[in-house]
There are 2 protein chains.
Amino acid sequence: MVMNERLPQRSSPLESQIVEILVERIQSGVYPVNSRLPSESELAAEFAVSRTTVRGALGTLATNGLVKRRHGVGTFISPATRISNPLNEVINFAELITGQGYAFGFRHIGARFRPAEPGVSEALGLAAGAEILEVSKAFTADGVPVIYTVNLIPPHLFEQCYSRQDMLQPGATEPLYEFLEGACGQRIEQYVATVRPSIARNILIHDQPPEGDPLLPVLVIEEVAYNGSGVPVLFEIEYLLGDRMKFDLVRRRRFSNR
Amino acid sequence: MVMNERLPQRSSPLESQIVEILVERIQSGVYPVNSRLPSESELAAEFAVSRTTVRGALGTLATNGLVKRRHGVGTFISPATRISNPLNEVINFAELITGQGYAFGFRHIGARFRPAEPGVSEALGLAAGAEILEVSKAFTADGVPVIYTVNLIPPHLFEQCYSRQDMLQPGATEPLYEFLEGACGQRIEQYVATVRPSIARNILIHDQPPEGDPLLPVLVIEEVAYNGSGVPVLFEIEYLLGDRMKFDLVRRRRFSNR
DNA sequence: CAGTGGTCTAGACCACATG
DNA sequence: ATGTGGTCTAGACCACTGG
């Protein structure tokens with residue numbers, strides 16, 4: 001009945017595949033904003049799956065704000081509700097910066113091996129005082145640094161593939177997610193982060209203060225990254241300079257499902 | 001078989017009731033940290049519900065970090081993983097402040113009716129320039145203001161119960177959630193928030209700067225509150241003074257279910 | 001191998017909104 | 001009265017982990 005027929009294949013969970021298909025349709029405008037989706041039963045028939053499976057997928061979309069469900073009425077494509085830079089998702093800095101209309105750039109600041117602070121080694125499950133690799137970078141919008149990151153990476157992640165010298169080269173770990181997934185076999189699934197405000201003059205990146213106004217507000221995110229098995233992988237500190245960046249967040253009551 | 005037998009009653013969804021029961025057991029230590037929970041089938045039998053229903057409840061607990069599931073092994077009570085002040089949940093300021101060991105206090109700063117800014121009236125679905133009630137408060141820790149809030153409340157919410165004069169009295173809307181739920185019949189289910197850092201000297205609450213160091217970092221949360229039907233209820237601005245407060249956040253990849 | 005969680009189904013019934 | 005989403009069941013099969 002539908003052009004561009006695409007039915008789910010086995011191999012990954014049907015529910016995830018249906019999420020993908022529906023996201024495609026929403027983003028490509030097959031389902032226009034504010035329109036009503038086909039009913040759960042219709043989608044179930046179209047995809048040849050049970051209504052339960054369709055409901056799971058729609059639940060995921062609703063949780064992520066793409067869709068709004070109304071009991072007794074239907075499921076609707078959310079209007080502009082698309083949250084722009086969700087703080088509770090993993091951020092892709094390149095997308096973030098280009099998405100706001102700036103030219104994206106990357107700058108190496110420094111890399112070195114040093115002993116981990118007690119808090120860091122504990123969070124990563126390392127021996128007290130174990131050495132870690134510290135890599136500091138800046139990301140620029142139209143040439144102006146707007147994000148600084150400090151990554152603290154345990155050497156056991158990469159030392160089977162790379163020498164210490166390799167790792168000190170500018171850009172060796174950039175982009176970070178691809179480096180971790182490709183070279184280290186670690187896929188980051190989740191961060192546990194602490195968020196606080198600060199001022200540019202109160203922070204140091206690789207022993208240097210950030211460029212620009214020392215009174216610029218800064219959003220500081222300190223976080224531990226975990227892989228899919230719940231094992232801590234690395235420690236990361238992000239400094240988001242407040243001038244040009246805004247972040248959104250959906251906040252809910254606890255245990256309010258989806 | 002189990003002491004303190006408590007079986008779910010109908011009336012609210014079984015799944016939610018099972019969540020509550022399990023949370024009680026976890027918090028009261030019936031299931032100690034790191035211990036394995038009974039298997040899904042055992043719980044299903046105990047509660048006399050289907051395994052599907054138990055799984056839903058366990059999924060909610062896993063999403064909220066109380067529990068860690070391991071395929072082929074079991075479901076385990078998470079260790080200290082309890083996130084302290086989750087930024088993605090609705091914050092109860094009194095709990096937040098007392099929970100960090102300070103004495104909680106509340107201070108009325110001002111209340112007035114004024115026309116809404118275009119951004120606010122649009123977000124709340126009001127006519128351009130409609131009048132709203134602005135209520136400004138401070139919350140103190142050991143007497144020191146650590147949180148300021150500005151609530152922008154559309155008059156239609158309360159004008160059937162209260163006069164405008166009533167609403168201008170100090171504490172008329174405090175605690176806010178109880179006021180909204182009791183007097184206005186509005187239960188807040190969700191906020192869509194924007195988070196940014198700032199500096200104390202850059203903000204004004206009821207025409208006054210905050211007390212204390214003008215260079216104090218401030219976390220600013222601007223948010224629209226929605227009720228369960230997705231209707232915007234009020235606009236709120238929170239100023240979290242960065243000195244004593246920390247906030248945590250779990251960040252995930254998009255569409256990674258639970 | 002046995003036991004666990006992960007996925008999926010088909011069908012039932014309910015609660016809600018709308019005409 | 002109809003059709004929608006919300007809840008729940010019983011049972012099947014799969015995938016993973018551990019002894």
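Throughout, a chain's letter reflects where its sequence line sits, starting with A, and its residues are numbered from 1.
- Atom CG of Leu37(A) sits about 9.0 Å away from atom CZ of Arg25(A), to the nearest 0.5 Å.
- Here the P atom of nucleotide dG6(C) and the CG atom of Leu58(B) are 9 Å apart, to the nearest Å.
- Going from atom CZ of Arg251(A) over to atom CD1 of Ile221(B) covers 4.5 Å, rounded to the nearest 0.5 Å.
- Note: CD (Glu40(B)) to C1' (dT17(D)) measures 15 Å, nearest angstrom.
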Atom pairs under 3.5 Å, N or O on each side, protein against nucleotides 17-19 of chain C: can you list them with distances?
none

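- For Glu15(B) and dC8(D), the CD to P distance is 7 Å, given to the nearest whole Å.
- Rounding to the nearest 0.5 Å places CG of Leu43(B) at 12.0 Å from OG1 of Thr53(B).
- With dT9(C), dC8(C), dG5(D) as the candidates, the nucleotide lying closest to the side chain of Pro13(A) is dC8(C).
- When rounded to the nearest whole Å, the span between CD of Glu42(B) and C1' of dG5(C) equals 13 Å.
- OP1 or OP2 of dT9(C) sits under 4.0 Å from a side-chain N or O of Thr53(A).
- Ring orientation note: the planes of Tyr162(A) and Phe179(A) are tilted relative to one another, at an angle of 30° to 60°.
- Set against dT7(C), dG6(D), dT4(D), the side chain of Arg51(A) has dG6(D) as its closest nucleotide.
- Each of Glu95(A), Glu89(A), Glu189(A) was evaluated against Arg254(B); a single residue qualifies, Glu89(A), per the salt bridge (charged side-chain N to carboxylate O under 4.0 Å, His left out) test.
- Using a 4.5 Å cut-off on side-chain heavy atoms (C-beta onward), Glu236(A) and Leu176(A) make contact.
- Between Leu43(B) atom CG and dG5(C) atom C1' there is a gap of 12 Å when expressed in whole angstrom units.
- Relative to the side chain of Arg55(B), the nucleotides dG6(C), dG11(D), dT4(D) differ in distance, and dG6(C) lies closest.
- Rounded to whole Å, atom C1' of dG5(C) lies 11 Å from atom CZ of Phe76(B).
- At least one side-chain nitrogen or oxygen of Arg36(B) sits closer than 4.0 Å to the OP1 or OP2 atom of dT4(C).
- Within 4.0 Å of Thr52(B), counting heavy atoms only, lies at least one base atom of the nucleic acid.
- Distances from the side chain of Ser50(B) to the nucleotides dG5(C), dA10(D), dT4(D) place dA10(D) closest.
- The phosphate of dG5(D) (OP1 or OP2) has a side-chain N or O of Thr75(A) nearer than 4.0 angstrom.
- Whole-Å rounding puts the Ile18(A) CD1 to dC8(C) P distance at 8 Å.
- Rounding to the nearest 0.5 Å gives a distance of 9.5 Å between OH of Tyr226(B) and NZ of Lys68(A).
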